[in-house]
2 protein chains.
Amino acid sequence: MSEAQVGDSLLFLTDEQLRQGIEAMFFAYRGFTAAPDLILDGTGYGRAHHRALHFIARAPGMNVNRLLMILGVTKQSLNRVLRTLIADGLVESRVGRADKRERHLYLTEEGAALEQRLSDAQRKWMRDAYRKAGPDAVAGFRQVLEALMDAEIRKSHAALREGTP
Amino acid sequence: MSEAQVGDSLLFLTDEQLRQGIEAMFFAYRGFTAAPDLILDGTGYGRAHHRALHFIARAPGMNVNRLLMILGVTKQSLNRVLRTLIADGLVESRVGRADKRERHLYLTEEGAALEQRLSDAQRKWMRDAYRKAGPDAVAGFRQVLEALMDAEIRKSHAALREGTP
DNA sequence: CTGTAATGTCAACAAGCCTGACTTATTTTT
DNA sequence: AAAAATAAGTCAGGCTTGTTGACATTACAG
């Protein structure tokens, strides 16, 4: 509590301020997933499917192992999701050229269409929030989020932004 | 990175920038919950228990209905969590004075101790991120989070900051 | 006394995650 | 060429957290 407020930009780090940040993160994440969840309700898919679609759309041709690392789940868990998406014709799995053990993942037209709907809803939400908060706030937002990721996760994130890992 | 600060203040709203924000949110939330999850692993409790403990600690004497609204789950789901916490002596449920139908929730000493451990870990994570990002970034972060919560959720959050709803 | 509200309980079920053990190809190493 | 490692997939079983639906208890209000 009385943590020596040396006037020096430490004042905002009270436990109370931190707690408010934690709660804001909790509520914001709920708001963040609400829009796609609504769409998914009608489809028979869930958040896990959404995440897979998102990252396959993001980096088409990604192999299963890399997707596994990005999502941070077990292959059994991912496989169940992927199996239904492939069976339903939303995702296509192609044998690797260089290494035939690998399967490279692509969205079909139908898969891309669903991903678009989900993505549009979520981006709209994000865009509205960004507009309300303004560009400076957005820059700060991104900085804090980056800092909140741990080192390993940040790598996945960086790899996605570049072309290839 | 090359974060395109062309002053225009609309340039950052490209789909690509929004998508990066969405992904950052996804990864950051994982980092955000990682520390308490580690502690919970040893205890036999899960995130649902953590959330209940958090909000009971935050507003001692809160009744079940209010906690229900804040958490946004069904009473059956919360009840299971609450039942184990009460049975294990981490939470105490007292009959309301004014309205004896209500149950008011309090942490026991043991409950407060666990909540502290969880809270400390999460606050440490948050504090480190805040420090890395700096005060201006934190202000922006909070602004965007507020905007990301939808109206209903924001009410829950506001209710917590005041005394009574 | 009756209707409504707040709370709690039981049962059944699904999503989504996990571990462990194992198979099938294929590539790499020895 | 044989052995080891890697990528992917599969089966079986378990856990947590969420859902519905049906119903009981208690207490307040008219």
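Within every chain, numbering begins at 1; the chains are lettered A, B, ... in the order of the sequence lines, protein sequences first and strands thereafter. Model, not experiment: these values are computed from the prediction.
If you take CG of Asn65(A) and P of dT27(C), they are 15 Å apart, rounded to a whole angstrom. What separates CG of Asn79(B) from P of dA11(C) is a distance of 14 Å, to the nearest Å. Between the NZ atom of Lys75(A) and the P atom of dG20(C) there is a distance of 13 Å, given to the nearest Å. The interatomic distance linking Arg30(B) (CZ) with dC17(C) (P) rounds to 11 Å, in whole Å. The distance from atom NE2 of His50(B) to atom P of dT16(D) is 17 Å, rounded to the nearest whole Å. The nearest whole Å value for the distance from the CG atom in Asn63(B) to the P atom in dA27(D) is 16 Å. Arg47(B) places its CZ atom 14 Å from the C1' atom of dC15(D), with the value rounded to the nearest Å. dT19(D) atom P lies 11 Å from atom CG of Leu71(B), rounded to whole Å.
Applying side-chain hydrogen bond (donor to acceptor under 3.5 Å, both in side chains) to Ser119(A) and the options Arg117(A), Gln116(A), Arg123(A) leaves one that passes, Arg123(A). Phe26(B) pairs in a ring-ring contact (aromatic ring centres under 6.0 Å, His included) with only one of the listed residues (Tyr29(A), Phe32(A), Phe55(A)), which is Phe55(A).
Neither OP1 nor OP2 of dT7(C) sits under 4.0 Å from any side-chain N or O of Arg66(B). Contact annotation: Arg83(A) side-chain N/O to dT10(D) OP1/OP2 distance is under 4.0 Å. At the phosphate of dC18(C), OP1 or OP2 sits under 4.0 Å from a side-chain N or O atom of Thr74(A). Residue Arg97(A) places none of its side-chain N or O atoms closer than 4.0 Å to OP1 or OP2 of dT26(C).
In summary, Arg127(B) and Asp15(A) engage in a salt bridge, as defined by a charged side-chain N under 4.0 Å from a carboxylate O. Using a 4.0 Å cut-off between charged nitrogen and carboxylate oxygen, Arg58(B) and Glu16(A) count as a salt-bridge pair.
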Derivation of the salt bridge (charged side-chain N to carboxylate O under 4.0 Å, His left out) call for Lys124(B) and Asp128(B)
CA-CA 6 Å; Lys124(B) 176 175 174 3; Asp128(B) 290 352; 3.0 Å; yes

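For Val64(A), the listed nucleotide lying nearest its side chain is dG9(D); candidates were dG8(C), dG9(D), dG18(D). Which of dA8(D), dG16(C), dT19(D) sits closest to the side chain of Val73(B) comes down to dT19(D). Side chain of Arg103(A), nearest nucleotide from dT7(C), dG18(D), dG9(D): dG9(D). Picking from dT17(D), dG8(C), dG9(D) the nucleotide with the shortest atom distance to the side chain of Ser93(B) gives dG8(C). Comparing atom distances between the Arg51(A) side chain and each of dG9(D), dC17(C), dA6(C) picks out dC17(C) as nearest.
Contact annotation: side chain of Gln76(A) to base of dG16(C), donor-acceptor pair absent below 3.5 Å. In this model, a side-chain donor or acceptor of Arg80(B) finds a partner on the base of dG18(D) within 3.5 Å. Counting distance only, with no hydrogens placed and no angle test, the side-chain atoms of Arg101(A) and the base atoms of dT6(D) include a donor-acceptor pair under 3.5 Å.
Take the nearest nucleotide of DNA chain C for Asp99(A) and for Leu78(A): the residue whose nucleotide is more 5' is Leu78(A). Across the interface with DNA chain C, nearest-nucleotide mapping of Ser77(A) and Lys100(A) shows Ser77(A) to be the residue nearer the 5′ end.
Among the atoms of the strands shown, none is found under 4.0 Å from any heavy atom of Gly44(A). Contact annotation for His49(A): backbone-only contact, meaning every heavy-atom pair under 4.0 Å involves sugar-phosphate atoms and none involves a base.
The closest side-chain heavy-atom distance from Lys132(B) to Gln143(A) is not below 4.5 Å.
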